[in-house]
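Each remark here refers to the structure printed beneath this line.
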Amino acid sequence: MYTIPFTVDTDIGTKALNRSRASNSRSGLEESVTFVTVFTIYNSSLNNVDDKSSKTVVGNASYNKVDRSMAVLNVFVNFIQVAMPQSKVVILTDPASDLSVHRNSVSLYPIQGEYSRDKLMLQRIRSYIIFLETKLQNLPQNPRNITHYIFTDSDIAVVDDLGQIFRDHPNFDLALTFRNNKAQPLNSGFIAVKGTPDSILRAKLFLQEVLKIYSSKYINASRMLGDQLALAWVVKSNPHFDDRRFAKPLAFAEDIGNTSVLFLPCALYNWTPPEGAGQFHGMPLDVKVVHFKGSRKRLMLESWDFYSSSTEIEDMLCLILGSGRTKYDF
């Protein structure tokens with residue numbers, strides 16, 4: 001069984017706690033944010049690891065393939081607990097997974113389903129829907145406290161307070177991140193849901209429509225990209241939607257069906273480091289989420305290793321930015 005150990009330096013956490021802001025709405029309700037991600041690992045994965053296979057060294061740590069996956073998940077939690085120390089993390093996983101958690105404010109949430117690699121993206125949307133359904137059933141109609149949810153991939157680094165999304169945009173139900181890409185303008189690695197009963201219900205219905213389109217139109221892309229294609233289809237099916245707004249990195253809101261959708265620019269809320277020599281495009285100064293998707297996982301581990309010794313987010317972001325001059329290896 002693989003466990004997530006508690007590894008955040010207490011001094012780092014204290015500094016973050018001192019600079020964090022309380023999330024109180026105008027109505028006086030206490031607000032909080034919970035991050036939700038999908039992750040699973042099996043005994044078969046552990047047994048198939050070849051001890052003689054090449055290992056990757058980051059700082060003082062050496063990783064095989066399975067170790068790397070666990071390290072990325074651990075660093076995902078680390079960054080959240082530094083940037084937003086009062087938030088919680090929920091890991092949606094297969095009940096058969098060999099994963100356990102021993103970290104403050106982190107919990108497992110088993111959901112039955114198909115977690116094979118070729119079905120994982122499809123299962124991720126199903127798991128999100130089931131999670132929201134359960135939260136909705138257990139939520140009083142007039143709650144005193146509101147918990148907002150941010151569904152993300154586990155290969156992201158939160159580097160700023162994302163509670164600001166819900167304070168600055170109080171009227172949306174669900175938030176998506178967009179980029180200037182005609183074929184795939186929406187990235188599914190970041191989805192925020194406002195924690196009121198009405199918003200959770202509308203977000204659930206929206207994702208159910210995405211799942212329906214995914215299953216009917218893009219099932220052949222179930223391993224990858226199908227969810228993003230389905231998201232774009234549902235959004236663009238609104239006859240009044242103007243996709244030219246994707247060309248500018250400015251937040252905007254639109255009603256898609258009965259759901260108020262907030263569109264946030266990937267440049268700030270889902271920024272991906274450039275890949276490969278010559279891809280040096282710069283980084284927004286106020287970036288809030290860095291997404292180490294694809295082959296950038298080593299860079300994610302290196303970034304945390306660097307931050308652990310410097311505790312300066314700005315210096316770490318410079319390290320990430322400079323990495324665009326080289327290729328990554330996993």
Side-chain angles (χ1 to χ4, degrees), residues 35 37-41 45 53-58 63-80 115-125 150-159 176-191 214 218 220-232 249 264-284 287-307 316-317 319-330:
F35 289 85
T37 193
V38 172
F39 186 91
T40 190
I41 197 166
S45 301
S53 63
S54 60
K55 292 191 175 184
T56 301
V57 177
V58 177
Y63 305 102
N64 58 37
K65 185 175 182 180
V66 176
D67 292 335
R68 289 198 302 257
S69 296
M70 293 302 305
V72 166
L73 180 63
N74 196 45
V75 168
F76 163 73
V77 174
N78 289 351
F79 275 117
I80 290 173
Y115 290 84
S116 60
R117 185 175 292 274
D118 60 334
K119 299 290 185 182
L120 187 58
M121 294 298 98
L122 199 61
Q123 178 59 43
R124 181 169 68 172
I125 297 181
I150 300 180
F151 298 84
T152 75
D153 291 348
S154 58
D155 55 358
I156 71 159
V158 176
V159 296
L176 302 171
T177 55
F178 72 90
R179 58 204 171 189
N180 188 17
N181 183 317
K182 289 185 178 181
Q184 299 164 35
L186 300 171
N187 185 279
S188 58
F190 183 102
I191 300 174
Y214 194 165
Y218 301 110
N220 290 334
S222 61
R223 184 183 179 118
M224 189 176 293
L225 302 181
D227 54 343
Q228 298 183 158
L229 296 171
L231 275 172
L264 299 169
C266 281
L268 298 181
Y269 295 94
N270 201 342
W271 183 79
T272 300
E275 183 177 26
Q279 301 299 313
F280 191 77
H281 300 304
M283 173 193 294
V287 65
K288 301 180 185 302
V289 176
V290 179
H291 193 169
F292 297 91
K293 62 185 179 181
S295 60
R296 300 164 178 84
K297 305 296 185 291
R298 178 193 181 103
L299 179 58
M300 183 176 182
L301 303 184
E302 289 178 338
S303 299
W304 175 257
D305 183 68
F306 180 86
Y307 176 75
M316 184 201 71
L317 293 177
L319 170 73
I320 295 172
L321 185 60
S323 72
R325 302 181 186 278
T326 59
K327 275 285 185 181
Y328 314 121
D329 59 357
F330 70 87

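Residue numbers count from 1 along this sequence.
- A donor-acceptor pair is defined here as one N or O able to donate and one able to accept, closer than 3.5 Å; no such pair exists between the side chain of Thr177 and the backbone of Leu264.
- Between Ser154 and Leu73 the shortest heavy-atom distance is CB-CD1, 4.0 Å.
- Applying the salt bridge (charged side-chain N to carboxylate O under 4.0 Å, His left out) test to Arg124 and every residue at least two apart in sequence or in another chain returns Asp153, Asp227.
- Residues satisfying the side chain to side chain contact (heavy atoms under 4.5 Å, CB included) test with Ala230, not counting sequence neighbours, are Val210, Ile213, Tyr214, Tyr218.
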Check step by step if side chain to side chain contact (heavy atoms under 4.5 Å, CB included) holds for Ser69 and Phe39.
CA-CA 9 Å; Ser69 296; Phe39 186 91; 4.2 Å; yes
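- Here the closest non-hydrogen pair linking Pro284 and Ala267 is CG-O, 3.0 Å.
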For a side chain to side chain contact (heavy atoms under 4.5 Å, CB included) check, start with the C-alpha distance between Met316 and Val159, then their side-chain angles and the critical distance, and finish with the verdict.
CA-CA 10 Å; Met316 184 201 71; Val159 296; 3.9 Å; yes
Just do the side chain to side chain contact (heavy atoms under 4.5 Å, CB included) check on Phe292 and Ile320 with the steps written out, would you?
CA-CA 10 Å; Phe292 297 91; Ile320 295 172; 3.7 Å; yes
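- No donor-acceptor pair under 3.5 Å is formed between the side chain of Arg298 and the backbone N or O of Val58.
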List the steps and the verdict of salt bridge (Lys or Arg N to Asp or Glu O under 4.0 Å) for Arg296 and Asp155.
CA-CA 9 Å; Arg296 300 164 178 84; Asp155 55 358; over 6 Å; no
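- Rounded to the nearest 0.5 Å, atoms CD (Gln184) and CG (Leu231) are 11.0 Å apart.
- In this structure the side chain of Ile156 reaches within 4.5 angstrom of the side chain of His291, judged on heavy atoms.
- In this structure the side chain of Leu319 never reaches within 4.5 angstrom of the side chain of Tyr307, judged on heavy atoms.
- A 4.5 Å side-chain heavy-atom check between Phe178 and Cys266 finds every atom pair outside the cut-off.
- For the atom pair Ile80 CD1 and Ile150 CD1, the distance stands at 8.5 Å (nearest 0.5 Å).
- To the nearest 0.5 Å, atom CG of residue Leu299 and atom CG of residue Asp305 are 11.5 Å apart.
- With sequence neighbours left out, the side chain to side chain contact (heavy atoms under 4.5 Å, CB included) criterion links Val75 to Asn78, Phe79, Met300, Leu301, Trp304.
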